[in-house]
There are 2 protein chains.
Amino acid sequence: MEAYRNLPKHRKANSRSRATTRERILHAAVERFARASYEQTGLRDIAADAGVDVAYVHRSFGSKERLFAEAVRAAVQPIDILPGAKDIGTLLATHVIDKPAKNPHGLDIIIRSFSSPEAAPVVREFIVNTFVEPLSRQLNHPAETRATLIGALLIGIAILREVLHSPGLTQPNPDDLKRLITRTIDELMQTTAGETTSRS
Amino acid sequence: MEAYRNLPKHRKANSRSRATTRERILHAAVERFARASYEQTGLRDIAADAGVDVAYVHRSFGSKERLFAEAVRAAVQPIDILPGAKDIGTLLATHVIDKPAKNPHGLDIIIRSFSSPEAAPVVREFIVNTFVEPLSRQLNHPAETRATLIGALLIGIAILREVLHSPGLTQPNPDDLKRLITRTIDELMQTTAGETTSRS
DNA sequence: CCAGAAAGTCAACGACTGTTGACTTTGCGT
DNA sequence: ACGCAAAGTCAACAGTCGTTGACTTTCTGG
C-alpha cells in the first residue's frame with residue numbers, strides 16, 4: 001500500500017539511529033500484525049510505515065518470523081495477575097472489554113495469527129507462559145484446564161468482538177457485558193469437578 | 001500424432017461427471033480449508049486433491065472466495081438445537097470436544113479463516129445465522145449476548161485445542177472436560193443479573 | 001452421424017511475496 | 001582528514017498466487 005509518511009531524504013540529521021530505527025520498525029510491525037494476520041502483513045507494508053527499505057527490515061530482524069516473534073513479545077505485556085488477587089474475573093473481563101478500545105494491540109496480534117504455521121508456536125508459547133501458567137497458580141484442581149478454558153473464553157470474545165464485530169458483543173452496555181463475563185470466569189474458577197458450589 | 005499418450009489418469013471412463021467432479025472439488029476444498037487458513041490454502045492444492053486442473057477449480061466456482069463460501073456452507077451443518085431441548089450445555093460441550101475427533105471439519109474452517117478479509121463476512125454470517133440466532137431463542141434477556149458468549153467460548157476452546165494444542169485442553173479426560181464446559185455454558189445460559197432463574 | 005455444448009486442460013499473465021548480493025551513504029575513532 | 005564499519009538502499013531473484021484466454025476432449029441431443 002502507499003503510505004505517505006515517506007520523507008525521502010535524511011530524516012534524522014544527526015547521529016547513529018540504529019536503535020531508534022529498529023524501534024520504529026518494531027512499532028510498525030506491532031501495529032500491522034495487530035490489524036491483519038501474519039500472512040496478510042507484508043514486510044513492505046511495515047517498511048513503508050517505518051520509512052525504511054524492505055531489505056533493511058529483513059536484515060534488522062533476520063526473518064519475518066523473527067520479527068513477528070519480537071512484535072509479539074513487545075506488544076503484549078503479560079496481564080499482571082497479582083498473587084493474592086480475588087477479583088481476577090473482573091480484572092480479566094475488564095481487560096478484554098476495555099483494553100482494545102484504548103490501544104489496539106495486545107490480544108489482537110495473537111488472535112489474528114494463531115493459524116499460521118510459522119506464527120503458531122510463538123503464539124502458543126506466549127499464551128502458556130504469560131497467561132495459563134501464572135493463572136493456574138491461583139486455581140484449584142484441574143488448574144491448567146481451568147486457566148486454559150478462561151483463556152479460551154477471552155480469546156473467543158476478542159475474536160467475535162474485535163474481528164468479526166458480532167453485534168451480540170458490540171452492542172450491549174460494556175458494564176453489563178463485563179458483569180456477565182466476570183460471572184462466567186468466576187464460575188470457571190470456583191466450581192469443583194464433583195459438586196456444584198453455586199447451588200442454592 | 002500418437003505421441004501424446006500422456007493422458008495420465010482418466011479416472012472416470014464414462015459419462016457426464018460434472019456434478020461428481022464439482023462434489024470432489026468441494027470435498028477437497030472442505031478438507032483443505034479445515035486444516036489451513038484461507039490464505040494458506042491454494043487453489044492448486046485443492047485441484048491436485050480433486051485430480052483436476054487449477055483452472056477448472058476456478059471456473060467451476062467463479063472465484064476462490066465463492067469456493068470458500070460453498071465449502072463453509074457444505075462443511076458445517078448447523079448444530080441442531082431442538083426448540084425444547086434442556087441440556088443444550090451438554091450438547092454443545094459434546095459437540096466441541098467429540099466432533100473434531102470424528103470428522104475434522106466443522107468448526108475448523110471457521111476458526112482458521114475468520115481473519116481473512118475475504119473470508120470473514122462468510123464466517124460471520126454463518127455464525128450468526130446457524131448458531132447465535134437459533135440459540136438466542138432459547139435464552140432470556142440479553143439473549144443474543146449470551147448466545148454470542150457461548151459461541152465465543154466454543155470457538156476459543158476449538159482454537160486452543162485443535163489448532164494450538166494447548167495441553168490444558170488436550171490432556172485431561174474428555175468427560176471431565178465436557179463436564180466443566182457444560183457447567184460453564186449452563187451458567188452462561190441461566191444466570192440473570194440478580195439471581196438464578198433455573199426453572200423446571 | 002454429426003454439430004455443438006459442456007467438461008476439462010494448458011500455458012501464461014501480472015501481481016505479490018520473502019529473501020539476498022552488491023551497492024551507496026553516513027558517522028565515529030584515530 | 002581518512003578509513004572503516006555500520007546504516008541503509010537498490011534491484012533483482014525465485015517462487016507463489018488467483019485468474020484468464022485459447023485450446024482439446026468428451027458427451028449428448030437432434
Side-chain angles (χ1 to χ4, degrees), chain A residues 1-2 5-26 28-29 32-33 36-71 113 116-119, chain B residues 1-26 28-29 32-33 36-71 113 116-119:
Chain A
M1 314 300 187
E2 69 276 21
R5 307 200 48 73
N6 207 357
L7 300 191
K9 294 293 200 261
H10 42 35
R11 48 185 63 262
K12 313 180 99 36
N14 53 3
S15 68
R16 50 177 294 94
S17 55
R18 178 189 182 185
T20 302
T21 304
R22 242 189 91 99
E23 283 171 18
R24 224 170 49 242
I25 295 173
L26 196 56
R32 286 280 181 178
F33 283 132
S37 76
Y38 181 83
E39 282 97 357
Q40 291 160 10
T41 303
L43 292 187
R44 282 168 178 83
D45 301 328
I46 297 172
D49 290 353
V52 296
D53 192 88
V54 206
Y56 193 61
V57 172
H58 185 268
R59 281 209 149 76
S60 299
F61 290 87
S63 71
K64 186 186 184 182
E65 187 176 351
R66 273 206 281 269
L67 171 58
F68 178 80
E70 291 246 25
S113 296
S116 297
E118 296 145 299
Chain B
M1 315 320 166
E2 56 86 24
Y4 284 170
R5 202 142 190 62
N6 203 3
L7 293 198
K9 59 235 171 198
H10 31 307
R11 46 183 68 261
K12 19 108 188 84
N14 52 3
S15 68
R16 52 177 293 92
S17 55
R18 177 189 180 183
T20 302
T21 304
R22 242 189 91 98
E23 282 171 18
R24 224 171 50 243
I25 295 173
L26 196 56
R32 286 280 180 179
F33 283 132
S37 77
Y38 181 82
E39 282 96 359
Q40 291 159 10
T41 303
L43 292 187
R44 282 167 177 84
D45 302 329
I46 297 172
D49 290 353
V52 295
D53 193 86
V54 204
Y56 193 61
V57 173
H58 185 267
R59 283 211 145 77
S60 299
F61 290 87
S63 72
K64 185 186 185 183
E65 188 175 350
R66 273 206 283 268
L67 171 57
F68 178 80
E70 291 245 23
S113 296
S116 297
E118 297 145 298

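Excluded from the calculations below are hydrogen atoms, water molecules and symmetry mates; all remaining heavy atoms, backbone and side chain alike, are included.
Considering only side-chain N and O atoms, B:T21 lies nowhere under 4.0 angstrom from the phosphate OP1 or OP2 of C:dA7.
The separation between A:I46 atom CD1 and C:dT19 atom P is 11 Å, rounded to whole Å. Residue B:Q40 contributes atom CD, which lies 12 Å from atom P of D:dG18 at whole-angstrom precision. Here the P atom of nucleotide C:dA7 and the CZ atom of B:F61 are 12 Å apart, to the nearest Å. Here C:dC23 presents its C1' atom at 16 Å from OH of A:Y56, a figure rounded to the nearest Å. For A:L67 and C:dT17, the CG to P distance is 15 Å, given to the nearest whole Å. Distance, B:R22 CZ to C:dA6 C1': 14 Å, rounded to whole Å. Rounded to an integer number of Å, the gap from CD of B:E39 to C1' of C:dG18 is 16 Å.
The salt bridge (Lys or Arg N to Asp or Glu O under 4.0 Å) check on A:E39 picks up nothing, with sequence neighbours excluded. In this structure A:D53 satisfies the salt bridge (Lys or Arg N to Asp or Glu O under 4.0 Å) test with no other residue, sequence neighbours excluded. With sequence neighbours excluded, the residues that form a ring-ring contact (aromatic ring centres under 6.0 Å, His included) with B:F33 are B:F68.
The distance from atom OG of A:S113 to atom CD of A:Q40, rounded to the nearest 0.5 Å, is 8.0 Å. Here the CZ-CG distance, from B:R32 to B:D45, works out to 4.5 Å after rounding to the nearest 0.5 Å.
Every pair passing salt bridge (charged side-chain N to carboxylate O under 4.0 Å, His left out) that includes a residue from residues 56-70 of chain A is listed here, sequence neighbours excluded: A:R22-A:E70.
Between the side chain of B:R44 and the main chain of B:V54, no donor-acceptor pair closer than 3.5 Å is present.
The only option from B:I46, B:T21, B:L67 that meets the side-chain contact (heavy atoms from CB on, under 4.5 Å) definition with B:L26 turns out to be B:L67.
Axis orientation changes by 10° from one end of the helix from C:dC1-D:dG30 to C:dT30-D:dA1 to the other, with each end axis drawn from 5 pairs and the value rounded to 10°.
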Distances for protein N or O near nucleotides 19-21 of chain D N or O, under 3.5 Å:
residue : atom : partner : partner atom : Å
D:dT19  : OP2  : B:H58   : NE2          : 2.9
D:dT19  : OP2  : B:K64   : N            : 2.9
D:dT19  : O5'  : B:H58   : NE2          : 2.8
D:dG21  : N7   : B:R59   : NH2          : 2.8
D:dG21  : O6   : B:R59   : NH1          : 3.0

